[in-house]
Amino acid sequence: MKVVMTTKVDLASMNIRQKLTENFGFKETDQEFDDSVVYQNREIILLTTNREMIYYDNLDLEITRQLGITPEIIIFASRHSSQQRLPALTTHVTGNWGKAMYGGKDESLALSQPVAMKLALLKLNELNDLGWTVCYEATHHGPSELNVPSLFIEIGSSEHEWKNDKAGEIVAETILYVINNYDRDHNFRTVIGIGGGHYAPKQTKTALNSELAFSHIVAKYAHPISKEMLLKAINRTSGVVNGVYVDWKGSKGEMKQMARAIAEEFDLEFIKD
């Protein structure tokens, strides 16, 4: 089963959940998860919790415990918050390059699904008639302790946007599109992203205009990371990693050198942008 995860403590999440149940064929079942009714549409289940999702480590195991199923993928429908209050539609995988400040464990990365994230980015961009920013975000926050592929798709960045009906519809439609298409054959090449700002402008532009699909992205503010963490990003990626992409001006010198060395050592394409 494929899982869409929502939470009652998140206005954007409830907005997206409402659009899914009203417009996309999800029906109530006789099951409950975390004391909330489970909705289902064929091979997709829609779950709701009372918890903040960024702190829900081992959610995949809890789904198995409560419902007796093993998720194939988990898509978190969520709000995005920022001090700049930038109206945005974003996608990213979770994890912590260093100390865990907002959920997850220190130096721990969730299992990314780069094809799903690229499809989310492309669909958000296609449907976006709001004039909002559409982008990847760098890998950040929890949960990090998940052993099935997962990604967040978010509405940002203030209450005004979280409650926007059109944004809820866009994300709901995007989630269904991703779930129905991520496991088909695509001519994408997966890369680890290094450098740039949190909203990954170069990685976003590249993914929208090429065959590259990004897995974990480590923004400049998280530099440097250890070789072990960069290898972990490769290992915590679904499918084959084809290369390492470096935002050259947006990376510190030691990270540039490490990225090049890793690419050479493991026969990966080295992309300098």
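Throughout, numbering of the chain's residues begins at 1 and tracks the sequence. Because only heavy atoms are used, hydrogens play no part in the values below, and waters and symmetry mates are left out as well, while side chains stay in.
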>> Tell me whether the rings of His92 and Phe152 are parallel (<30°), tilted (30 to 60°) or perpendicular (>60°).
In response: parallel

> Side chains of Ser13 and Ser78: is there a donor and an acceptor less than 3.5 Å apart?
Replying inline: no

>> Tell me whether the count of non-hydrogen atoms from other residues, nucleotides or ligands lying under 6.0 Å of NZ in Lys163 goes above 12.
In response: no

> For Leu176 and Phe26, which heavy atoms make the closest approach, and how far apart are they?
Replying inline: CD2-CE1, 3.9 Å

> Of all heavy-atom pairs between Thr21 and Gln18, which one has the smallest distance, and what is that distance?
Replying inline: OG1-O, 3.1 Å

> Does Lys202 use its side chain to pair, donor to acceptor, with the backbone of Gly196 at less than 3.5 Å?
Replying inline: no

>> If we ignore hydrogens and angles and just use 3.5 Å, is the side chain of His141 paired with the main-chain N or O of Tyr55 as donor and acceptor?
In response: no

> If you look at every heavy atom in Gly142 and Thr94, which pair is closest and at what distance?
Replying inline: O-CG2, 3.6 Å

> Under 4.5 Å between any side-chain heavy atoms of Ile194 and Met258, yes or no?
Replying inline: no

> If you round to the nearest 0.5 Å, how far is NZ of Lys8 from OG1 of Thr49?
Replying inline: 8.5 Å

> Of the non-hydrogen atoms in Ala233 and Ser215, which two are nearest, and what is the gap between them?
Replying inline: O-OG, 4.3 Å

>> Any non-hydrogen side-chain atom of Phe76 less than 4.5 Å from a side-chain atom of Ile74?
In response: yes

> Got a second to check how far Thr133's OG1 is from Asn125's CG, nearest 0.5 Å?
Replying inline: 10.5 Å

> Parallel under 30°, tilted from 30 to 60°, perpendicular over 60°: which one fits the rings of His198 and His80?
Replying inline: parallel

> What distance separates Asn209 CG from Thr204 OG1, expressed to the nearest 0.5 Å?
Replying inline: 10.5 Å

>> Taking Leu86's backbone N and O only, do any of them form a donor-acceptor pair with Ser157's side chain (distance below 3.5 Å, no angle check)?
In response: yes

>> Is the shortest side-chain heavy-atom distance between Ile63 and Phe33 below 4.5 Å?
In response: yes

> Cluster question for you: counting only ILVMFWY and a side-chain heavy-atom cut-off of under 4.5 Å, with indirect links fine, are Leu208 and Tyr199 together?
Replying inline: no

> Does Ile170 reach the side chain of Asp129, with side-chain heavy atoms less than 4.5 Å apart?
Replying inline: yes

> Are Glu62 and Arg51 ion-paired here, with the side-chain N under 4.0 Å from a carboxylate O?
Replying inline: no

>> To the nearest 0.5 Å, what is the distance between CG on Leu47 and CZ on Arg17?
In response: 10.0 Å

>> side chain to side chain donor-acceptor pair (under 3.5 Å), that's the test. Do Glu137 and Thr90 meet it? Break it down for me.
In response: CA-CA 7 Å; Glu137 289 182 78; Thr90 75; 2.8 Å; yes

> Is a side-chain donor or acceptor of Lys232 paired with a backbone partner of Glu107 at a separation under 3.5 angstrom?
Replying inline: yes

>> How close do Arg79 and Asp10 get, counting heavy atoms only, and between which atoms?
In response: N-OD2, 2.9 Å

> Judged by atom type as modelled, is there a donor-acceptor pair below 3.5 Å linking the side chain of Glu264 to the main-chain atoms of Ala261?
Replying inline: no

>> Is any side-chain heavy atom of Ile225 closer than 4.5 Å to one of Glu254?
In response: no

> Judged by modelled atom types alone, do Glu161 and Ser158 share a side-chain donor-acceptor pair under 3.5 Å?
Replying inline: yes

> What are the two closest heavy atoms between Tyr102 and Ile54, and how far apart are they?
Replying inline: O-CD1, 3.7 Å

> Quick one: CD1 on Ile175 to CD1 on Ile16, what's the gap to the nearest 0.5 Å?
Replying inline: 5.5 Å

>> Within the 3.5 Å criterion, strictly below it, is a donor on Ser36 or Thr48 matched to an acceptor on the partner's side chain?
In response: no

>> Is any side-chain heavy atom of Ile45 closer than 4.5 Å to one of Thr29?
In response: no

> So, Asp106 side chain and Ala100 main chain: donor-acceptor pair closer than 3.5 Å or not?
Replying inline: yes

> Taking the side chain as C-beta and beyond, is there a heavy-atom pair between Thr174 and Glu126 under 4.5 Å?
Replying inline: no

> Can Lys118 and Glu211 be counted as an ion pair, charged N to O under 4.0 angstrom?
Replying inline: no

> Is any side-chain heavy atom of Val191 closer than 4.5 Å to a side-chain heavy atom of Phe214?
Replying inline: yes

>> Check Lys2 with Asp183, please: is the shortest side-chain N to carboxylate O separation under 4.0 Å?
In response: yes

>> Would the distance check show the side chain of Asp60 and the main-chain N or O of Leu146 forming a donor-acceptor pair, the cut-off being under 3.5 Å?
In response: no

> Are a donor atom and an acceptor atom from the side chains of Glu145 and Ser108 found within less than 3.5 Å of each other?
Replying inline: yes

> Distance from Leu111 atom CG to Ser144 atom OG, nearest 0.5 Å?
Replying inline: 12.0 Å

> Is the backbone of Ala167 close enough, under 3.5 Å, to the side chain of Asn164 for a donor and an acceptor to pair up by distance?
Replying inline: yes

